[in-house]
There are 2 protein chains.
Amino acid sequence: MTVQQMAQLDATFSALSDGTRRAIVARLADGETTLSDLAAPFDMSLTAVSKHLRVLSDAGLVDIEKRGRTRHCRLRGAPIKEAVDWLSKYEAFWIDRFDALARHLAKEEDDK
Amino acid sequence: MTVQQMAQLDATFSALSDGTRRAIVARLADGETTLSDLAAPFDMSLTAVSKHLRVLSDAGLVDIEKRGRTRHCRLRGAPIKEAVDWLSKYEAFWIDRFDALARHLAKEEDDK
DNA sequence: ATTATAGTCAACTAATTGGTTGAGTAAAGC
DNA sequence: GCTTTACTCAACCAATTAGTTGACTATAAT
């Protein structure tokens, strides 16, 4: 595992360790939105949400596109995949048998 | 999602956002060990490693058992499963088709 | 042209984090 | 009984984090 991969996992897990940011991720899974729109449900300043979004963006979890005076955000899956891949190495400790089998089969398919 | 579940995810992702702690998790996946043994490979004080272990323990990721003058640690999978379950909700954003199918089938089996 | 909207930026604060050291305690070995 | 081992605990430090406010910029609407 390279130092960059480590830093990416640091950033990904760290970004996801905050409830506000996980809520933003959940919201973006339903589709692209602007910052103002994302911020509306939260009881905090736009600046605060903007900072959270910046953390997600720095971790590569969201893509922010400037469009006129609005910022349009969408979810990027690659870092999530890396996090799941890391966690999957320890699946023996948590997975139930059916799911484990399915993943095992999926991995064999993957490795072809 | 309850406030406790949120706090658990906060703790789990936060615990895993540090490379030293992820290395400890990786080491424990190979089997139970003592704190001294865990600390040996790291270029930091025993106290520092002890603190990292405490973070993992508080998050429920490791179980620490006092046995004589040594502390024996082992990996607990439940919080990892919860993290994976959360991440899996967004699998559409990162998963490849074969793996997705396998998980889908596993989930159907799970839901029975 | 004026005004409202969407957002950034800088400065500040309080709390948390990741590390240190030095002193202390409890169990094991000689 | 003395020494070593395996820790814990408290105090401290520097850096980071999550939030605030107030001032600013740029775009869109009237």
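Order of the sequence lines sets the chain letters (A, B, ...), proteins ahead of strands, with each chain counted from 1.
Here the C1' atom of nucleotide dT16(C) and the CG atom of Asp58(B) are 14 Å apart, to the nearest Å. Taking atom CG on Asp10(B) and atom P on dT17(C), their separation rounds to 11 Å, with Å as the unit. Going from atom CG of Asp18(A) over to atom C1' of dA15(C) covers 14 Å, rounded to whole Å. With rounding to whole Å, Leu53(B) atom CG is found 17 Å from dT17(C) atom C1'.
Checking Gly68(A) against Ser17(A), the closest nucleotide of DNA chain D that is more toward the 5' end is the one next to Ser17(A). Comparing Thr20(A) and Arg67(A) along DNA chain D, the residue whose closest nucleotide (by nearest heavy atom) sits nearer the 5' end is Thr20(A).
Residues Val55(A) and Phe13(B) do not share a hydrophobic cluster, defined by chaining ILVMFWY side chains whose heavy atoms lie under 4.5 Å apart.
Across all strands, Thr70(A) comes closer than 4.0 Å only to sugar-phosphate atoms, never to a base (heavy-atom distances). Within 4.0 Å (heavy atoms only), Thr47(B) reaches at least one base atom of the nucleic acid. If you check every strand for non-hydrogen atoms under 4.0 Å, Arg21(A) touches sugar and phosphate atoms only. Residue contacts shown for Ser45(B) include a base, since a base heavy atom lies under 4.0 Å away. As judged by a 4.0 angstrom heavy-atom cut-off over every strand, Lys51(B) is placed among the base-contacting residues. At a threshold of 4.0 angstrom between heavy atoms, the contacts of Leu35(B) are confined to the sugar-phosphate backbone, with no base atom among them.
Side-chain contact check for Thr33(A) versus Cys73(A): every heavy-atom pair is 4.5 Å or farther apart.
Pairs engaging residues 42-56 of chain A under the salt bridge (charged side-chain N to carboxylate O under 4.0 Å, His left out) rule: Arg54(A)-Asp58(A) [sequence neighbours left out].
OP1 and OP2 of dT8(C) both lie 4.0 Å or more from every side-chain N or O belonging to Arg54(A).
His52(B) and Ser50(B) are not linked by any side-chain donor-acceptor pair at a separation below 3.5 angstrom, with hydrogens and angles left out of the test.
Taking a cutoff of 4.0 Å between a charged side-chain nitrogen and a carboxylate oxygen, Glu32(A) and Arg27(A) do not qualify as a salt bridge. Classification of Glu65(A) and Arg74(A) as a salt-bridged pair holds, one side-chain N sitting under 4.0 Å from a carboxylate O.
First and last contacts of DNA chain D with chain A, using any nucleotide atom under 4.0 Å from a protein heavy atom and ordered 5' to 3', fall at dA18(D) to dA28(D).
Note that CG of Asp18(B) is 11.5 Å distant from OG of Ser17(A), once rounded to the nearest 0.5 Å.
Shown here for Ser57(A) and Ile64(A), the closest heavy-atom pair between the two residues is CB-CD1, 3.8 Å.
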- Note on the structure: Taking Watson-Crick and G-U wobble contacts under 3.5 angstrom, with | marking pairs to another strand and [ ] crossing pairs, the secondary structure of DNA chain C is written ||||||||||||||||||||||||||||||
- How far apart are the C-alpha atoms of Leu61(A) and Leu16(A), what are their side-chain angles, what is the distance that settles it, and do they pass the side chain to side chain contact (heavy atoms under 4.5 Å, CB included) test? CA-CA 9 Å; Leu61(A) 283 159; Leu16(A) 295 175; 4.2 Å; yes
